[in-house]
Amino acid sequence: MISPALPLLLAAVLAGAGTYGVLARRHLVLVVVGVELLLAAAGMLLVMAGQLWPDPLASGQVLTLFVITVAAAEVVVALAVVLALYRSHGHLDATRPAAREPAAGSRPGSGDDVVAGER
Amino acid sequence: MTGLEVLFAAVGLLTAASAVLAVTAHRVLHAALWLVVALGGVAGCYLVLGAELVALVQLLVYVGAVVVLVLFALMLTREGVAAVDTAGPQRLLAGLVALAATVLLGTVLVAALGADRVPVTGASNTEVGAQLLGTWVWPFELLSLLLLAALVAAVAVATHRPPEAGEQVEHPEAELPAPDAETVGEQR
């Protein structure tokens with residue numbers, strides 16, 4: 001026996017933390033971290049509903065597996081976009097517009113930074 | 001409080017605290033490591049609720065692959081930004097929105113569902129497996145296609161570069177291993 005209030009409150013706190021992470025972070029990777037917390041809140045709600053009010057299709061657990069899979073695909077694409085942004089802009093600041101002009105002569109400097117970060 | 005509630009409250013407090021720390025830490029690496037604790041705690045909560053399969057998949061996919069991917073992205077883009085948080089007024093506003101979301105979700109959900117205790121009688125692992133490969137088999141296969149498309153798209157996006165900066169060719173091997181680990185985790 002468990003009170004449904006505990007998982008519900010945990011899901012609410014996770015959703016609130018994820019919302020704060022998406023809105024208050026300027027580092028793009030940390031925005032992705034906030035999105036992960038939001039998806040964890042959704043999974044918590046699904047698992048709680050599936051375990052406390054079960055149905056014959058086991059949809060709570062199965063849909064949580066689907067959410068985890070979609071989250072994995074989402075984070076792969078999101079981080080690839082973040083890498084491409086870092087390579088083209090030279091920074092990951094969501095509040096700063098493009099610091100380096102794409103056509104300016106500072107492009108080789110940006111490329112050197114990326115090489116130093118990769119090796 | 002029943003024993004299950006005490007257990008869930010302990011794991012849930014750990015999860016909530018580390019989730020808050022993950023979005024408020026001042027260093028990006030600390031935030032990523034608190035995310036590991038938060039997602040591991042979510043897996044622990046699934047375990048307490050009796051969903052062992054989901055808990056293990058959560059551990060495999062999130063802690064094993066997603067967080068490693070986040071750490072890889074942090075390492076590949078290090079010193080990309082000096083400050084990780086936005087300016088004070090926006091942070092205050094974001095805190096207010098987050099608090100409002102938490103209070104709204106918490107009160108509505110608890111008022112709707114949290115009245116009295118219910119037994120934990122979820123589907124067993126056998127039932128979940130049978131349903132996953134029975135009723136849900138087409139969405140399941142579609143998700144494998146989605147993962148494949150995401151993997152290809154990630155490689156394509158991450159290795160694409162403007163024509164004037166085409167002197168680095170060794171990048172793809174830095175991006176490939178993590179999506180591979182994820183598909184391996186998903187197929188279990």
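Quick note: numbers below take in every heavy atom, side chains included, and nothing from hydrogens, waters or symmetry partners. In what follows, chains are A, B, ... by sequence order, proteins preceding strands, each numbered from 1.
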* Asked: Where does A:Ile2 contact chain B at under 4.5 Å (heavy atoms): side chain, backbone, both or neither?
  -> both
* **Pairs of heavy atoms under 4.5 Å with chain A: top-ranked of B:Gly134, B:Gly106, B:Ala87, B:Ala25** => B:Ala25
* Asked: Hey, does B:Leu143 have a side-chain heavy atom less than 4.5 Å from the side chain of B:Leu146?
  -> yes
* Quick one: what part of B:Leu99 sits under 4.5 Å from any heavy atom of chain A, side chain, backbone, both or neither? -> neither
* To do: Report yes if some heavy atom in the side chain of B:Leu4 is under 4.5 Å from a heavy atom in the side chain of A:Met1; otherwise report no.
  => no
* Is any side-chain heavy atom of B:Val70 closer than 4.5 Å to a side-chain heavy atom of A:Leu79? -> yes
* Is there side-chain contact between A:Leu8 and A:Leu45, with heavy atoms separated by less than 4.5 Å? -> yes
* Select, from A:Leu57, A:Leu63, A:Leu37, the one with the greatest count of heavy-atom pairs under 4.5 Å involving chain B. => A:Leu57
* Sort A:Val13 into side chain, backbone, both or neither according to what part of it lies under 4.5 angstrom from a heavy atom of chain B. => both
* Asked: What is the minimum heavy-atom distance between B:Ala22 and A:Arg25, and which atoms define it?
  -> O-NH2, 3.2 Å
* To do: Look at A:Val77, A:Val70, A:Leu6 and state which one has the largest set of heavy-atom pairs under 4.5 Å with chain B.
  => A:Leu6
* **Residue part contacting chain A, namely of B:Ala38, when any heavy atom lies under 4.5 Å** => side chain
* **Selection from A:Leu23, A:Thr19, A:Val22 maximising heavy-atom pairs under 4.5 Å formed with chain B** => A:Leu23
* Interface moiety of B:Leu35 toward chain A, non-hydrogen atoms closer than 4.5 Å -> side chain
* Asked: Are side-chain heavy atoms of A:Val29 and B:Val28 found at a separation under 4.5 Å?
  -> no
* Asked: Going by heavy atoms in the side chains, are B:Tyr46 and A:Gln51 under 4.5 Å from each other?
  -> no
* Structure fact -> Cut-off 4.5 Å, heavy atoms of chain A, and the answer for B:Gln90 is side chain
* In terms of heavy-atom proximity below 4.5 Å to chain B, should A:Leu10 be classed as side chain, backbone, both, or neither? -> side chain
* Is there a donor-acceptor pair closer than 3.5 Å between any side-chain N or O of A:Gln61 and the backbone N or O of B:Ala123? -> yes
* Could you tell me which of A:Leu9, A:Val82, A:Val62, A:Val81 has the largest number of non-hydrogen atom pairs under 4.5 Å with chain B? => A:Val62
* For A:Tyr20, does its backbone N or O pair with a side-chain atom of B:Arg91 as donor and acceptor, under 3.5 Å? -> no
* Do you know which of B:Ala149, B:Gly50, B:Ala130, B:Gly122 has the most heavy-atom pairs under 4.5 Å to chain A? -> B:Gly122
* Below 4.5 Å, heavy atoms only, C-beta onward: do B:Val137 and B:Leu132 meet side chain to side chain? -> no
* Structure fact -> Most heavy-atom pairs under 4.5 Å with chain A, out of B:Ala101, B:Gly12, B:Ala51, B:Ala73, belong to B:Ala51
* Can you tell which of A:Ala84, A:Ala5, A:Ser3 has the highest number of heavy-atom pairs within less than 4.5 Å of chain B? -> A:Ser3
* Asked: Does A:Asp55 use its side chain to pair, donor to acceptor, with the backbone of A:Ser59 at less than 3.5 Å?
  -> yes
* Interchain contact, A:Pro7 with chain B, by part (heavy-atom threshold 4.5 Å) -> both
* Structure fact -> Ranked by heavy-atom pairs below 4.5 Å to chain B, first place among A:Ala71, A:Gly16, A:Ala78, A:Gly50 goes to A:Gly16
* Name the region of A:Leu30, side chain, backbone, both or neither, that has any atom closer than 4.5 Å to a heavy atom of chain B. => side chain
* Do B:Leu74 and A:His27 touch side chain to side chain, with heavy atoms closer than 4.5 Å? -> yes
* To do: Heavy-atom pairs under 4.5 Å with chain A are the metric here; pick the option from B:Val97, B:Val20, B:Thr24, B:Thr15 that has the most.
  => B:Thr24
* Is it true that a side-chain atom of B:Gln131 and a backbone atom of B:Val128 form a donor plus acceptor pair closer than 3.5 Å? -> no
* With chain A, which of B:Leu96, B:Leu93, B:Leu92, B:Val23 has the greatest number of heavy-atom pairs at distances under 4.5 Å? -> B:Val23
* Asked: When heavy-atom pairs shorter than 4.5 Å are enumerated against chain A, which of B:Thr121, B:Thr2, B:Thr135 gives the highest number?
  -> B:Thr121
